[in-house]
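For clarity, every value in this text was computed on a predicted model and none was experimentally measured.
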Amino acid sequence: MKNIKLKVARAEKDISQEELARRVGVTRQTIGMIEAGKFNPSLQLCIAICKALGKTLNDLFWEENDNEKI
């Protein structure tokens, strides 16, 4: 599943994939793959991305499912 929230948050901060990758210590390709839904990042990387973008884990990585009952 594509991570549109990550892409939007990055765009709102006017940060390129390359710049975000540099800030969190991965390659641009890794950021692209996360946004494309082709790579599941570690919790450590998720936290680093959130810190770099000023967002929470829920903001960027929580998938809401309307069919899910609590």
Side-chain angles (χ1 to χ4, degrees):
M1 182 174 195
K2 289 185 179 183
N3 192 330
I4 301 300
K5 294 178 194 178
L6 173 55
K7 188 172 185 176
V8 169
R10 186 176 54 74
E12 286 174 348
K13 293 275 191 181
D14 196 30
I15 297 173
S16 67
Q17 286 183 346
E18 184 70 36
E19 176 62 17
L20 179 57
R22 188 188 62 72
R23 291 182 186 189
V24 300
V26 297
T27 65
R28 182 205 53 81
Q29 290 84 352
T30 299
I31 299 299
M33 288 173 58
I34 294 168
E35 289 182 359
K38 296 180 179 181
F39 179 76
N40 289 321
S42 68
L43 181 56
Q44 182 179 357
L45 179 52
C46 289
I47 292 169
I49 290 169
C50 288
K51 285 181 179 179
L53 295 176
K55 299 287 184 179
T56 67
L57 287 169
N58 285 348
D59 291 339
L60 299 182
F61 296 101
W62 185 259
E63 291 182 26
E64 293 187 21
N65 186 346
D66 293 334
N67 297 328
E68 186 176 303
K69 295 190 180 193
I70 298 174

Item to check | Nearest heavy atoms of Arg10 and Gln17, plus distance in Å | outcome: NH1-N, 3.4 Å
Item to check | For the student: nearest non-hydrogen atoms of Ile34 and Asn3, plus distance | outcome: O-CB, 3.6 Å
List the atom pairs, with distances to 0.1 Å, where a side-chain N or O of residues 36-51 and a protein N or O form a donor-acceptor pair under 3.5 Å, not counting sequence neighbours.
unit_1: Ser42; atom_1: OG; unit_2: Leu45; atom_2: N; d: 3.1

Next on the checklist: Return the OG1 to CD distance between Thr30 and Glu35, rounded to the nearest 0.5 Å.
Outcome noted: 11.5 Å
Checklist entry - Side-chain heavy atoms under 4.5 angstrom apart, residues restricted to Ile, Leu, Val, Met, Phe, Trp, Tyr: same cluster for Leu57 and Leu60? => result yes
Item to check | Check: Leu53 and Asp59 side chains under 4.5 Å, non-hydrogen atoms | outcome: no
Checklist entry - Say you draw a straight line from NZ of Lys5 to CG of Asn58; how long is it, rounded to the nearest 0.5 Å? => result 8.0 Å
Item to check | Residue pair Arg23 / Ile15, side-chain heavy-atom distance below 4.5 Å | outcome: yes
Checklist entry - Roughly how far, to the nearest 0.5 Å, is the CD1 atom of Ile31 from the CD atom of Glu18? => result 10.0 Å
Checklist entry - Do the non-hydrogen side-chain atoms of Lys55 and Glu12 ever get within less than 4.5 Å of each other? => result yes
